[in-house]
Amino acid sequence: MSVLLEADAVTRRFGGLTAVNEVTFSVEEGAAVGLIGANGAGKTTLFNCLTGFDKPTSGDVRLRGKSLLKMARHKVVKSGVARTFQIVKPFPDLPVLANVMVPLIAGGTKGDLRVQAMGVLDRVGLAHRAASPSSQLSEGDLKRLEMARALATKPQLLLLDEPFAGLSVAEIGVLSDTIRQLRADGTTLIVVEHKIGSLLQLVERVVAMDQGAVIADGEPQAVMRDPAVVTAYLGGEATTHEQH
Amino acid sequence: MDVLVQGALTSAVIALVALGFSLVYGVGGIVNLAHGSFFMIGAYSAYAMSETGAPLLVSAVVGVLAATLAGVLLERLVITPIRHQEVAVLIATLAVAILVQSGVQFFYGGLERQLPGFVSGAVTVFGVTLQQTRVLAGLVALVTIVTVLLVLTRTPTGRMVRAVAQDEEASRLIGVRPERVTLYVLAIGAGLAGLAGVLTAPYGVLTPTMWLLPLTQAFAIVILGGLGSIPGTVLASVVVGFLDRFVAFNVKDGDIKVGLVTVAVILATLVLRPQGFLGKVAR
Amino acid sequence: MTSTKVAEQPAAPSDGGSGRPSPLKRLLRPNPLILLALPIVLLYLPRFVDNTTLLQQIAVATIFVMFAASWDILSGYTGQVNFGHAAFIGTGAYTVALLSKYQPDVSNELALLAAVGAAALLGLLIGIPCLRLKGPYLALATLSVAGALVQLTFIFKTQTGGEDGIAGVKTVIDGSLTNTIGEGLSKLVLGPLTFSGLGGFDQYIYVSYFVTLVFMVVMVGGLMLLGYGKRGLVLRSIQQDELAAEAAGVPLTRYKLGAFVLSAACAGLAGGLYAQVRGTVALDLLAVDLSLLIIIIAAFGGAGSIIGPAIGAYVVVLLQNYYLDRATDLFVEHPELKIGTFALLLIIVLIVQPRGIVPPLLQRLSGRGSATRAAGATMVEGGGAKP
Amino acid sequence: MENVGLGVVAWVTTARGWYEGEHMLRKKWAVACTVVAMSALAACGESGGDVASDPTTGASAGASAAGSGETFKIGVFGPEQIPQGEDVRDGALLAAKELNAKGEGPQVEIVFCDSEAKPEKAIACITKFAQQDKVQAISGGFSSAETLAILDTVKRAKLPYVSAGAAAPDVVKGVDSTGPGKYIFRIGPVNSLNLAADMCLTVTTKLTKEGFSKFGILHEDAAFALPLVEFLNACLPNPSAATKGAIPAAVKGVELVGTEKHTPAATDFSAQFKSLKDKGADFVIEVNSTQVGIQLGKQWATLKPGFALGGINVSGQSSAYFDVTKAVGELNGPAGIVRAAVSEKTIPFFDAFMAEYKRDPLYNGAATYDGIYALHEAAARAGALDADTLVTELEKTDRVGVSGVEKFNEQHDVIYSATDPKAGLSLLYFQYQADGSKKIVYPESLADGNTYQAPPGVTLP
């Protein structure tokens, strides 16, 4: 399998604070990688650096060997990297279908956009709400909408930022099925998630971070047994929220 | 010397208006485009009282109280229902400003009005001859600003206000009600602007459009100093006040060009450093 | 602009688009029948109304429709509220007037093109630094630019006439394109015999009336096609959440700047045309009052829908310039009360119906009542005409 | 809906009558409360709008064509909200009232239209006059901006227009008795260039005699002032050349030490005062037409910067000016009018105006008053009211008006005889006395023995 995304010594500093420190790892095509770490470990900052929403202070991010750093955000999206937000950002005044049409339009998609948008909504199981204003959706449906919007950019790599946060157990189950389906369709995934139990059922590899650095990387079970990970989690586990 | 003395007086008065504008933004996140109207309401209410023959001091107090009351009404009736829609607040407070203008014009016409001063005649300070009303206005403004700053930094109430300004959610956790604080701050800010209106009326003129200049001035100052930053507001007032007088005294036809210079400074600040001199990183 | 609007919408039972044949087909289309009715009524109005005073005021209102609609494509759609739209209008108007004064050989059509170009250039110059600004920052920046232009007219008062403005601008009758359109439509609507019987004064009014109507229909029609089409959807998404729009792959800079320039260019055209209709330009075309009036009109009608500000302009301008004066002499004695009344109504509208008066009304007319009442985006939701 | 609308109108009318004798503010509150209701009903009033008596003629005088023949309908426009506009209206109404009382010639009906000082509204006024009110002539106008804006419309409407408010030279630009501009006349104020020539003469011949030698100019940054100041700049050092010999070569030029401007919205003039004082000015010529003059006069009187002040200060002509400014010693002219025997009509006009409106008239009140008279006389002479005949007769105007003997030159611009000091308003200067009264000091023929007194803080050699 070929390497899709490489993070090469990515470092991000805010004034005196080093949020991400020399992070290096790569993701192979078709893989599903979980990214874990306590609050303030630097996950979201790294996430932002990988998707062009933040520029690393040093280091490089490459997609199939091509650097993403010099690209405008929409170019990063166009080159195949899509993301969701931890705090969902729907276009609240637009109907669900229109939410999904925006990335299709931006991507220059040809043909009947409505039909294609319906197709995407169908993939995440939201087709029945197509005409509703997105402001009326439940939290779970919003997460799907967020995912549908990312999928509509036709990504090779999809980064999900805490997709399960704020959802009920039942909702998590349904969403997990959707994510598994995406994987089956060939989308490469990186998932930040605090709900480790649910996460481990989705990914075959976990990267753990603490204080901006990668402290463990490998098989889920192995990583969870890693002493450094255990210490980091005992030190400062919180439940759901991480600063964005 | 002219620039120094006049700059100081000018700065003090515009800081009085800008302070309230900045406080309201800092605490409530509200950009109140009706802020200049408080200035006008203060001036016109004092004028209306003095027309009935009331003593000047009473008129002045009524002016300040009327502006304060207007601030309370604005907060309750207009801002509260739409508080969290930034654009709607901008437009609604703008509409209030126009409504007030229309009302003032209805009652007092478009003609300029004059409020008599507490003092008249000239006084020479550091070799500069000035109208006494200007000196009085500058001094009162200065004392008021210092008092407000002391209240903000030294009293529990002031700390409460600053707590809300820093983090509304956190202040809620320690038992402060941000809505209430917003109301207080709007009332006080309105009162300060009203006071500025009363103070400048004797050497300025009362017209139904007099709200626009102090509003844009306060707006510019607050953006220069950083939205919500009190020290920044004071600093920027001094910069704008001195710049205004410096250009007026030292540039040919400076009076005409002062506005352009101010606009240039505003635009440059917005482009180069949108958070202002001392502002927090833009929201 | 944050996504705080979410909470404002009352939760209504979802209709889910159920029970309707292919609701998605009309998802992006407002009811075309209703939209076409207005220009047709306006076109044939002079046949039934021979009150030229009223017709002239309608022509003025039609120009304001263009002002408001051009404001809306930037401010209503992308949420970058422009508090100095008069800067673009005035630039267009003064370009036409200065050309007429110094280069009288330049044809009216070319002058209008120059007005569009000058305003678009200004839009670009303001738009680039303003890209990073939002809300209050943008408000102040745009407000100050318009203020600076007023000062510039004073500094160059030999050319611009200062507070006197420039009179004697070549009018719509002097332009071959505008005069042809105006006369042609006059003859079409009024009949050749009627028209030939009219004196020069009436001719000027009728030509103004029809020319402004044609320009307005083209401009507003174009803006609506854009606004209710794909690009409009993208602009809306920017207004709702810039970060999310970027995550969806929207080239933010291109769209925001494009909206700025388009808005400026349309305002410049309308301003230039206004100069040719009035035959004079003055500071009222740059003044803050005009910028504020446009905001009032647009917010009152319903920002972000093009049609809302357009109809808002007809209502507000005709009330202000014509009907209120005739309804009661209170407004004749106190013209300042007119704008005050609109301001008061706007405050009430903003609190009670933040979407303005027109979109909800059109929605009802379009026959989709309570089911989608709670939907945020009226026109995107609207429709209901037979396909 | 219609009935409800009418009901409210009736109620408001009654309410207005009821409050007539009450305190002004009470009436206004009552009216304010009905504004919202009215505006909601305004749309319904549409059909009734034109049927009901036109509100703008509410103030018309002598509307009924009693007795002889046709009624002469004259449209008058101006901004009702400001004193100049009020005077335009009241000057016209006073003239109509007097003419109708006399009963000679056609009865005059004034249709007033409020221009709100906006070019846009002024144009709409002309359209309304032509299309709806079907007036036979137009007068009034306030600022150069609104007057210049309407000229094209006037030409299209082909109605005689006697301008009475704007001094800009451009008002009569290109006007002659045959072209499309032939309908345009100006009866006052005097073309600003003529004003400037007159000021130049006064400074170089009279003020130098009082002992002033170094002059400064402080003017409003306004279009009307620009040609005037430009002319003064050329004329003061070299009067004969600048006026092409109208001022004799024997008159020496004066030293002009500096020129400063202020915005029409200025409230602080200390920078300009200092600059002019530092340059050694002992007399500063002011040129301003808006209310900015009040602040200027007040600050000059308070700070006593050591130079004398005088020139064109339009607000300085109003009755209330001195109470606010206490500008003792300020010289004001030459655009104003004062109750003095300028012509045999001046004092009667002032007294009639004061009796009717309880205030002194301003220059444009007088000009509109004269304008209505001139139009009426032309109509009476011609015995017809059609536009072309009126224009021909107006050109023959040679009458004694409030401001002197009035004739039109070939550009239809008012002229006064250069030899007769009583002929021209432009030659009149008054000075504020310590008790607030205005005393004419120039020309000596009207000064009644009063002489120029140096203002406090200024010593003359």
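The sequence lines fix the lettering, A, B, ..., with proteins before strands; numbering per chain opens at 1.
- Rounding to the nearest 0.5 Å places OG1 of C/T53 at 6.0 Å from CD of D/Q131.
- Heavy atoms of D/K155 lying under 4.5 Å from chain C are absent altogether.
- Residue contact with chain D, scored on non-hydrogen atoms closer than 4.5 Å, involves the side chain of C/V60 exclusively.
- Neither the backbone nor the side chain of D/E146 has a heavy atom closer than 4.5 Å to any heavy atom of chain C.
- Neither the backbone nor the side chain of D/S143 comes within contact range of chain C, judged by heavy atoms closer than 4.5 Å.
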query = Between D/E116 and C/K338, is a side chain to side chain contact (heavy atoms under 4.5 Å, CB included) present by the stated rule, with each step listed?
reply = CA-CA 12 Å; D/E116 298 173 31; C/K338 293 183 214 164; 3.7 Å; yes
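- Every side chain to side chain donor-acceptor pair (under 3.5 Å) that D/D386 has, sequence neighbours left out, goes to D/T389.
- Looking at D/L226, only its side chain comes within 4.5 Å of chain C, counting heavy atoms on both sides.
- Contacts of D/A130 with chain C are made by side-chain atoms alone, with heavy-atom separations under 4.5 Å and no backbone atom involved.
- Only the side chain of C/Y274 comes within contact range of chain D, judged by heavy atoms closer than 4.5 Å.
- One distance of note links CZ of C/F331 with CG of D/D114; it measures 14.0 Å at 0.5 Å rounding.
- When all heavy atoms of D/D152 and C/V169 are compared, the closest pair comes out as OD2-O, 4.1 Å.
- At a threshold of 4.0 Å, the pair C/K157-D/D221 counts as salt-bridged, since one of the basic side-chain nitrogens sits closer than that to a carboxylate oxygen.
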request  = Any chance you could lay out the side chain to side chain contact (heavy atoms under 4.5 Å, CB included) test for C/T280 and D/I150, step after step, and finish with the verdict?
outcome  = CA-CA 8 Å; C/T280 177; D/I150 62 149; over 6 Å; no
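- Side-chain contact, C/Q56 with D/T127: a donor N or O sits under 3.5 Å from an acceptor N or O.
- Residues of residues 90-104 of chain C lying under 4.5 angstrom from chain D, judged on non-hydrogen atoms, do not exist.
- When heavy atoms are compared at a cutoff of 4.5 Å, D/T147 does not approach chain C at all.
- Counting only heavy atoms from C-beta outward, the side chains of C/T171 and D/R156 approach each other to under 4.5 Å.
- Considering OH of C/Y204 and OG1 of D/T153, their distance stands at 5.5 Å, rounded to 0.5 Å.
- Note: C/D284 CG to D/K118 NZ = 8.5 Å, rounded to the nearest 0.5 Å.
- For D/A149 against C/A167, the heavy-atom pair with the smallest separation is N-CB, 4.4 Å.
- Residue C/T160: no heavy atom, backbone or side chain, is found under 4.5 Å from chain D.
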